[in-house]
Undergrad: 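Attaching a single structure in structure tokens format; questions to follow.
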Amino acid sequence: MKKLVLFMHVSLDGFVAGPNGEMDWIKVDDEMFDYAGKQTDQSDTALYGRVTYQMMENYWPAAGEQPNATKHDKQHSAWYNQVPKYVLSKTLKEEKLVNTFIISDNVTDQVKQLKQGAGKDIVMFGSPSAAHTLMAENLIDVYWLFVNPILVGEGIPLFKKINHKTNLNLLSTATFPSGVVCLHYTL
């Protein structure tokens, strides 16, 4: 059975974005990209919320072909272009979408079906609203939380709508020169 793996940047006080969706406080570097890329290599499916998918779709399809493309841009662009992408959305339509499928209803059942499919894991980058929906149904199996050394004060919280106790097991930690700490948990 596939695992649903969530990658999320979070502030030390538990926010994934500021009150207006700001994410300018998130720190990333090549070392973090390489670290996260190891998990991406273990995944053959992507799952997004609509907003994150549209941000990804505006960048990744051609990112690896740009003259100034980094190693990460080339690798992630190639991965992004080959994997099927599933998007939780009530407004997005599948028309003209390449290798992309919309989940607009029966989210719990459809995500459970995805997880029962053959192949590697399913990875979800960001997508806080979609993550909240999946957390409420206890569908996320693995958490990679990149804790940024900042207090945002208010905004979109990482954990919301959870109505059940969930014990997590810490598998590993990694500290980066930027002060970001990655906490890798599984159920």
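For the numbers below, each heavy atom of this structure counts, side chains included, while hydrogens, waters and symmetry mates do not.
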Undergrad: Applying ring pair (Phe, Tyr, Trp, His ring centres under 6.0 Å), can you list everything that pairs with Phe101, at least two apart in sequence or on another chain?
TA: Tyr86
Undergrad: First locate atom OG of Ser104, then atom NZ of Lys93, and finally report the distance between them rounded to the nearest 0.5 Å.
TA: 7.0 Å
Undergrad: Which residue pairs pass the salt bridge (charged side-chain N to carboxylate O under 4.0 Å, His left out) test with at least one member in residues 34-60, sequence neighbours excluded?
TA: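 For residues 34-60, and leaving out neighbouring residues, the salt bridge (charged side-chain N to carboxylate O under 4.0 Å, His left out) pairs sorted by first residue read Lys2-Asp44, Asp34-Lys71.
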Undergrad: Is the shortest side-chain heavy-atom distance between Leu158 and Met8 below 4.5 Å?
TA: yes
Undergrad: Of all the heavy-atom pairs spanning Pro177 and Asp29, show the shortest one and how long it is.
TA: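 Result for this residue pair: CD-OD2, 4.4 Å.
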Undergrad: Quick check: does any side chain N or O of Gln110 sit under 3.5 Å from a backbone N or O of Asp105, one acting as donor and the other as acceptor?
TA: yes
Undergrad: Among residues at least two apart in sequence or on other chains, which ones pass side-chain contact (heavy atoms from CB on, under 4.5 Å) with Ala62?
TA: Glu65, Gln66
Undergrad: Distance check, rounded to the nearest 0.5 Å: Asn138 atom CG versus Leu187 atom CG?
TA: 5.5 Å
Undergrad: Could you check whether any side-chain N or O of Asn81 sits under 3.5 Å from a backbone N or O of Pro61, counting only pairs where one atom can act as donor and the other as acceptor?
TA: yes
Undergrad: Is a side-chain donor or acceptor of Ser89 paired with a backbone partner of Thr91 at a separation under 3.5 angstrom?
TA: yes
Undergrad: Could you walk me through whether Ser11 and Asn148 satisfy the side-chain contact (heavy atoms from CB on, under 4.5 Å) test, starting with their C-alpha distance in whole Å, then the side-chain angles of each, then the deciding distance to 0.1 Å, before giving a yes or no?
TA: CA-CA 5 Å; Ser11 66; Asn148 285 252; 5.6 Å; no
Undergrad: Which ILVMFWY residues can you reach from Val5 by hopping between side chains whose heavy atoms are under 4.5 Å apart?
TA: Phe7, Met32, Tyr35, Tyr48, Tyr53, Met56, Tyr59, Trp60, Trp79, Tyr80, Val83, Val87, Leu92, Leu97, Ile102, Val123, Phe125, Val142, Trp144, Phe146, Phe176, Val180
Undergrad: Check for me, please, whether Leu4 and Met1 land in the same ILVMFWY cluster - side-chain distances under 4.5 Å, paths through other members count.
TA: no
Undergrad: What residues, two or more places apart in sequence or in another chain, satisfy side chain to side chain donor-acceptor pair (under 3.5 Å) together with Thr108?
TA: none
Undergrad: Using the rule side chain to side chain contact (heavy atoms under 4.5 Å, CB included), only one of Thr175, Leu145, Leu12 pairs with Val181; which is it?
TA: Thr175
Undergrad: Which distance, rounded to the nearest 0.5 Å, do you find between the OG1 of Thr186 and the CG of Leu168?
TA: 8.0 Å
Undergrad: For Glu154 and Pro19, which heavy atoms make the closest approach, and how far apart are they?
TA: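 Residues Glu154 and Pro19, closest heavy atoms: O-CD, 3.4 Å.
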Undergrad: Applying ring pair (Phe, Tyr, Trp, His ring centres under 6.0 Å), can you list everything that pairs with Tyr185, at least two apart in sequence or on another chain?
TA: none
Undergrad: Taking salt bridge (charged side-chain N to carboxylate O under 4.0 Å, His left out) as the cut-off, I'd like each qualifying pair that reaches into residues 132-144, sequence neighbours left out, listed once.
TA: Lys115-Asp141
Undergrad: Under the 4.5 Å side-chain heavy-atom rule for ILVMFWY, direct or indirect, which residues accompany Ile26?
TA: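 Its cluster mates, by chain and number, are Phe15, Met23, Trp25, Val28, Phe33, Met55, Ile150, Val152.
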Undergrad: How would you list, by chain and number, every residue that makes a side-chain contact (heavy atoms from CB on, under 4.5 Å) with Val107, sequence neighbours excluded?
TA: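 Residues passing side-chain contact (heavy atoms from CB on, under 4.5 Å) with Val107: Leu88, Ile103, Val111, Thr133, Leu134.
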Undergrad: Does one hydrophobic cluster hold both Phe159 and Leu183, with members joined at side-chain heavy-atom distances below 4.5 Å?
TA: yes
Undergrad: Sequence neighbours excluded, which residues qualify as side chain to side chain donor-acceptor pair (under 3.5 Å) partners of Ser172?
TA: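 Ser172 satisfies side chain to side chain donor-acceptor pair (under 3.5 Å) with His184 only.
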Undergrad: What's the shortest heavy-atom distance between Leu6 and Met135, and which atoms?
TA: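 Scanning both residues completely, I find the closest heavy atoms to be CD2-CE, 3.8 Å.
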Undergrad: If the condition is side chain to side chain donor-acceptor pair (under 3.5 Å), which residues does Thr166 pass it with, not counting sequence neighbours?
TA: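 By the side chain to side chain donor-acceptor pair (under 3.5 Å) rule, Thr166 matches His164.
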Undergrad: Using the rule given for side-chain contact (heavy atoms from CB on, under 4.5 Å), can you reason through Leu139 versus Lys112, listing the C-alpha separation, both sets of side-chain angles and the distance that settles it, and then say yes or no?
TA: CA-CA 8 Å; Leu139 291 171; Lys112 283 180 180 178; 3.8 Å; yes
Undergrad: Mind jotting down which residue pairs meet the salt bridge (charged side-chain N to carboxylate O under 4.0 Å, His left out) criterion with at least one end in residues 4-27? Sequence neighbours excluded, please.
TA: none
Undergrad: When you measure from the side chain of His132 to the backbone N and O of Pro128, does any donor-acceptor pair fall under 3.5 Å?
TA: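 At least one qualifying donor-acceptor pair exists.
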Undergrad: Check whether any side-chain heavy atom of Gln39 sits under 4.5 Å from a side-chain heavy atom of Asp121, and report yes or no.
TA: yes
Undergrad: Compare every heavy atom of Lys74 with every heavy atom of Gly64, then report the nearest pair and how far apart it is.
TA: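 Answer, listing the atom of Gly64 first, then Lys74: O-CG, 3.6 Å.
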Undergrad: So, for Ser178 and Pro149, which heavy atoms are closest and what is the spacing to 0.1 Å?
TA: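 That closest heavy-atom pairing would be O-CG, 3.8 Å.
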